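This report concerns only the one structure given below.
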Amino acid sequence: MHSVTVNECTVAAQEPPTIRDLMYHITETLLVDKKDFDVFVEDGTIRPGILVLINDTDWELEGEDEYVLQDGDVVAFTSTLHGG
Amino acid sequence: MPSRTSNLCERCEASKAVMRRPKNLQKLCKECFFHVFETEVHLTIEKEKLFQPGETVAIGASGGKDSTVLASILKTLNERYNYGIHLVLLSIDEGIVGYRDDSLATVKRNQQQYEMPLEIVSYKDLYNWTMDEIVSCSGVKSSCTYCGVLRRQALDRGAMKLGISHVVTGHNADDMAETVLMNLLRGDTARLESSTNITTKSTGSPIKRSKPFKYCYQKEIVLYAHYKKLDYFSTECTYAPEAFRGTARVLMKNLESVRPSCILDIIYSGEHFKLKQRKKRPGPKTPALQDQETEIRSDGSVSLQNNGNRCERCGYLSTNRICKACLLLQGLELSRAKLSIAADAVPKVEEDQLQRRLQHLSF
């Protein structure tokens with residue numbers, strides 16, 4: 001994917017941060033245009049059609065939003081919605 | 001914190017699973033996924049007898065994930081199962097600055113990577129219009145209408161130029177289910193019945209089109225491209241996506257998240273729709289139902305019944321006196337005059353960009 005941006009981020013939280021926390025962290029800190037929120041998030045989770053890979057593994061095998069982030073995890077969001 | 005249950009591949013039970021298949025929720029490791037995915041495409045090709053030995057097949061290549069995976073897999077399968085086909089990349093240059101020029105660069109790299117000949121046909125050469133010019137003339141809203149009609153013809157013409165009578169495209173299961181839904185929602189019964197055909201052909205046209213990925217989930221295509229580290233281009237077209245298709249897509253993606261098999265289920269339903277034979281209405285404007293390309297024009301152009309009619313202007317196959325592309329272009333030419341005056345004052349590229357920005361503002 002051409003538009004991959006690699007962001008190393010530190011998510012500060014009392015509780016161990018999950019993918020859901022990361023999602024809100026991204027929308028708060030990385031989204032330039034607030035309109036893009038709905039492109040990324042729907043009903044409190046990552047919008048269907050966006051493929052999430054945690055360390056190159058389908059997030060469906062890792063507990064989806066509930067996955068607890070570890071130091072050094074690489075999380076990739078890829079839209080499958082754009083044209084072929 | 002409950003640790004996840006064993007994430008071993010359910011096929012080889014040896015490696016770590018990396019993905020879950022949407023169609024049956026099976027967990028697979030990378031190698032098993034490649035094997036299963038490639039084999040399923042092969043089985044589809046076999047079952048539908050898509051290719052003849054010795055045949056030259058053009059891959060409609062956009063540089064996007066679907067067509068890149070298609071090129072890669074067809075090359076692999078052709079070598080593995082000796083289809084004996086010759087593969088050629090065929091790309092359309094719509095003339096969209098910042099979108100198509102970048103994706104064509106990807107196709108050119110694919111040409112090297114897959115060692116296939118590449119032919120690029122441009123709207124500019126065929127129609128003397130680029131999409132950028134068309135949009136600056138007619139607005140963003142109708143861009144997909146123009147582009148769709150022109151691309152369909154451009155692919156055919158490109159294939160004809162190469163003497164090829166078979167074009168394969170990267171349309172996947174998601175696209176097909178979406179089309180079924182769209183036709184259903186629009187009540188477009190004429191298209192509904194044929195929309196799930198793996199191979200289609202315009203009446204009288206020497207060129208057939210096939211979709212070897214008809215049963216492949218978009219998710220798996222993206223994963224395949226990702227895990228195989230294929231070189232593909234992924235950006236949304238600069239112009240607004242087709243609104244109704246977008247809505248159908250969102251609806252389908254939401255359904256898929258509740259019931260992943262629904263995409264295949266929709267295709268299955270589509271394949272089994274059998275419409276009641278409709279009585280042909282009398283009069284010269286009777287639409288030919290068996291022809292997928294038939295378009296009823298409001299300008300009084302006569303829809304002819306016999307097959308293999310040619311457009312009076314460009315000679316392209318058309319059921320009407322003048323083909324749809326020529327009609328659209330005719331409409332455009334009328335508004336071109338206004339443009340050329342402005343073009344004297346402002347350089348073309350800047351003007352296009354300005355126009356595009358203005359069109360975005362109006363929303």
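Numbers restart at 1 for each chain; the letters A, B, ... are given by sequence-line order, proteins then strands. Every value quoted in this text rests on a predicted model; they were computed, and no experiment measured them.
When each of A:Thr57, A:Leu51, A:Asp56, A:Asp58 is checked for a side-chain contact (heavy atoms from CB on, under 4.5 Å) with B:Met19, only A:Asp58 meets the rule.
Proximity to chain A is limited to the side chain of B:Val250, based on heavy atoms less than 4.5 angstrom apart. Of the two parts of A:Ile54, neither the backbone nor the side chain holds a non-hydrogen atom closer than 4.5 Å to a non-hydrogen atom of chain B. Looking at B:His171, there are no atoms closer than 4.5 Å to chain A (heavy atoms on both sides), in backbone or side chain.
Applying the ring pair (Phe, Tyr, Trp, His ring centres under 6.0 Å) test to B:Phe37 and every residue at least two apart in sequence or in another chain returns B:Phe33, B:Tyr224.
A salt bridge does not link A:Glu62 with B:Lys27: every distance from a Lys NZ or Arg NE/NH1/NH2 to an Asp or Glu carboxylate oxygen is 4.0 Å or more. We find that A:Glu60 and B:Lys219 are joined by a salt bridge, their nearest charged nitrogen and carboxylate oxygen being less than 4.0 Å apart.
Closest of all the heavy-atom pairs between A:Pro48 and B:Asn254 is CG-OD1, 3.3 Å. Of all non-hydrogen atoms in B:Asn7 and A:Leu61, the two that sit nearest each other are ND2-O, 2.9 Å.
Atoms OG1 and CG, on A:Thr78 and B:Leu223 in that order, are 8.5 Å from each other to the nearest 0.5 Å.
Taking a 6.0 Å sphere around CG of A:Asp43, one finds it holds 12 or fewer heavy atoms contributed by other residues, nucleotides or ligands.
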